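We name chains A, B, ... by the order of the sequence lines, and we start the count at 1 in each one. Here the structure is a predicted model, which means the values were calculated and not measured.
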There are 2 protein chains.
Amino acid sequence: MIIQQLSESTEMYLKAMVELSDREMVAIGRLAERLSVTAVSTNEMMRRLGEQGLVKHTPYKGVALTKKGREVACNVLRRQRLWECFLYDHLKIEWTQLYELACSLEHATAPEVTEALAVFLGNPKTCPRGNPIPAADGSFVPLNGIPLSEAAVGATVRVLAVNATATDVIQHLFERGLLPGHKVKVVEAAPLQGPLTLCVDPPEKNGAGGKETVLGLSLAEFVIVES
Amino acid sequence: MIIQQLSESTEMYLKAMVELSDREMVAIGRLAERLSVTAVSTNEMMRRLGEQGLVKHTPYKGVALTKKGREVACNVLRRQRLWECFLYDHLKIEWTQLYELACSLEHATAPEVTEALAVFLGNPKTCPRGNPIPAADGSFVPLNGIPLSEAAVGATVRVLAVNATATDVIQHLFERGLLPGHKVKVVEAAPLQGPLTLCVDPPEKNGAGGKETVLGLSLAEFVIVES
DNA sequence: AATTAACATAAGGTTGCCCTTATTATTGCC
DNA sequence: GGCAATAATAAGGGCAACCTTATGTTAATT
């Protein structure tokens with residue numbers, strides 16, 4: 001596995017792809033939106049990545065990572081999440097800032113630093129946001145959960161991970177207590193893709209307690225819960 | 001002190017300036033050489049940095065950092081050297097690789113990470129290469145030493161720091177045991193800017209011991225010893 | 001079958017940072 | 001005072017990664 005030096009931009013595209021959908025095709029539009037670039041720029045980049053054998057673009061269908069592309073992407077994800085562990089556990093950086101700060105570092109991290117960091121941290125399996133950390137050999141078992149937006153009304157589920165990358169979105173979820181390990185009850189789902197009414201940390205027995213909050217459906221997509 | 005987001009390239013130029021000469025003018029040529037770019041590119045960059053108020057360029061004399069430029073440069077140096085501490089003390093990265101690996105990280109390090117890292121490390125005063133770490137407020141007392149190339153023949157001096165940035169140079173010095181804390185005796189200086197003959201870790205009393213080695217004068221410039 | 005939204009592609013532009021080549025200016029030194 | 005070495009400037013180019021605008025193409029929906 002020879003990983004040539006790829007640009008930060010390239011790494012971001014690949015990472016976004018693996019974050020958006022593991023092994024499935026990703027629509028160019030979704031990718032562009034996530035990366036805050038235009039679809040034209042994304043198309044252009046996909047052509048370049050295609051030439052490098054990192055992605056396969058099927059016009060009008062979407063793009064998918066190749067084996068090589070997925071390897072690189074998982075490696076980026078590994079670096080990102082290891083840094084998140086370090087920043088949170090050792091530097092006491094605020095939970096809401098982890099993604100952004102770790103993201104900058106990840107692109108500047110040489111393989112020997114990545115592996116030494118993993119050893120230093122004790123080879124953690126998940127990051128503070130609840131996402132699994134790909135192994136050094138590239139193996140990566142994605143989380144087995146569903147977005148909160150797809151949970152059944154009335155169900156009480158445990159939050160496994162928060163998937164958001166935009167700091168304001170993360171902040172919004174954090175303020176509502178939607179963190180890994182916490183439980184949440186879906187009280188109501190408004191019709192027409194309306195927001196969810198939730199009860200975060202509901203009491204074990206019926207009765208008062210927990211925090212009621214309303215969450216937009218598109219935000220609820222970022223919260224991965226037990227299926 | 002508002003530090004706007006500066007490019008990696010900008011930071012490298014500023015760092016090189018403060019490393020080359022504290023407060024004095026630096027010749028464009030030297031700067032270019034250190035950064036492995038052409039003098040034309042360096043001139044161009046100095047114009048840009050001048051426009052941003054980071055440097056003052058006096059044609060045919062050289063460039064000097066402004067107050068603002070020096071602040072930024074010291075901040076870069078701080079990040080660089082804090083990372084060196086972390087990489088060496090906690091990740092057990094090889095001494096010869098510290099500069100290069102810390103350099104990548106430094107540009108990706110947000111202020112809150114820098115300060116949290118400093119706290120984590122216990123606010124170290126020097127990096128593993130022996131160089132002082134600028135304080136958070138920007139104050140920075142450069143090392144009070146002289147290059148080994150200027151030490152008197154016959155003198156035995158202690159190595160304070162190694163200033164080199166190129167990994168091959170660092171490797172060369174490392175192999176000869178020229179590390180901070182070690183003593184070195186200048187046995188002979190060949191004429192016409194010839195190499196030095198050294199004895200590294202000489203015995204306390206006269207007698208055998210220590211390691212004899214020959215070191216080019218330009219390499220000896222990178223070794224800072226007690227004056 | 002027609003329409004619309006999403007996507008693809010072409011063309012041309014910008015910015016930052018680097019390059020080469022060539023010409024001119026200055027400085028320090030013999 | 002003249003001559004190298006060094007420095008500055010001008011002109012033209014390249015590359016990566018973005019942008020806008022405009023024009024086709026496909027797929028999904030009605």
Side-chain angles (χ1 to χ4, degrees), chain A residues 4-17 20-21 24-64 69 72-73 76 103-104 106-108 192-193 218, chain B residues 3-17 20-21 24-65 69 72-73 76 103-104 106-108 192-193 218:
Chain A
Q4 71 262 49
Q5 186 55 3
L6 298 168
S7 72
E8 175 164 340
S9 196
T10 298
E11 290 194 343
M12 285 303 283
Y13 276 93
L14 296 177
K15 192 177 74 170
M17 285 179 71
L20 276 177
S21 96
E24 280 161 50
M25 281 218 175
V26 183
I28 296 275
R30 274 188 81 198
L31 198 50
E33 194 193 350
R34 176 151 188 131
L35 293 165
S36 302
V37 295
T38 63
V40 176
S41 299
T42 305
N43 249 291
E44 207 181 321
M45 189 54 139
M46 287 307 112
R47 187 184 45 70
R48 279 195 290 263
L49 296 189
E51 283 165 5
Q52 292 175 75
L54 295 166
V55 307
K56 178 80 198 305
H57 183 193
T58 314
Y60 299 103
K61 296 290 183 182
V63 274
V72 175
V76 179
C103 186
S104 320
E106 103 203 350
H107 306 293
L192 295 172
Q193 317 286 0
S218 53
Chain B
I3 294 186
Q4 70 265 47
Q5 186 54 5
L6 298 167
S7 72
E8 175 164 339
S9 196
T10 298
E11 290 194 344
M12 286 303 284
Y13 276 94
L14 296 177
K15 190 176 77 169
M17 286 179 71
L20 277 176
S21 95
E24 281 161 48
M25 280 218 176
V26 182
I28 296 275
R30 274 188 81 199
L31 198 50
E33 194 193 353
R34 175 144 188 138
L35 293 166
S36 302
V37 294
T38 63
V40 176
S41 297
T42 306
N43 250 291
E44 207 182 322
M45 190 53 140
M46 288 306 114
R47 187 184 45 70
R48 278 196 290 264
L49 296 189
E51 282 164 7
Q52 291 175 75
L54 295 166
V55 307
K56 178 81 198 305
H57 183 194
T58 313
Y60 299 104
K61 297 291 180 180
V63 275
L65 291 165
V72 175
V76 178
C103 187
S104 321
E106 102 204 353
H107 306 293
L192 294 174
Q193 317 285 1
S218 54

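First and last contacts of DNA chain D with chain B, using any nucleotide atom under 4.0 Å from a protein heavy atom and ordered 5' to 3', fall at D/dA7 to D/dA10.
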*Given side chain to side chain contact (heavy atoms under 4.5 Å, CB included), test B/Glu106 with B/Glu8 step by step and report yes or no.*
CA-CA 9 Å; B/Glu106 102 204 353; B/Glu8 175 164 339; over 6 Å; no
*What's the verdict on side chain to side chain contact (heavy atoms under 4.5 Å, CB included) for B/His107 and B/Ser7, showing C-alpha distance, side-chain angles and the deciding distance?*
CA-CA 8 Å; B/His107 306 293; B/Ser7 72; over 6 Å; no
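By the side-chain contact (heavy atoms from CB on, under 4.5 Å) test, A/Glu44 pairs with A/Arg47, A/Arg48, sequence neighbours left out. For A/Glu24, there are no side-chain hydrogen bond (donor to acceptor under 3.5 Å, both in side chains) partners, not counting sequence neighbours. With sequence neighbours excluded, the residues satisfying side-chain contact (heavy atoms from CB on, under 4.5 Å) with A/Thr42 are A/Tyr13, A/Ile28, A/Leu31, A/Ala32, A/Val37, A/Met46. Taking the side-chain hydrogen bond (donor to acceptor under 3.5 Å, both in side chains) definition, one finds that A/Ser218 meets it with nothing, sequence neighbours left out.
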*Encode nucleotides 8-21 of chain C as B, S and - characters from 5' to 3', where the letter depends on protein heavy atoms closer than 4.0 Å: B to the base, S only to sugar-phosphate, - to neither.*
SBB------SBBBB
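From A/Glu33, atom CD reaches atom OG1 of A/Thr38 across 13.0 Å, with rounding to the nearest 0.5 Å.
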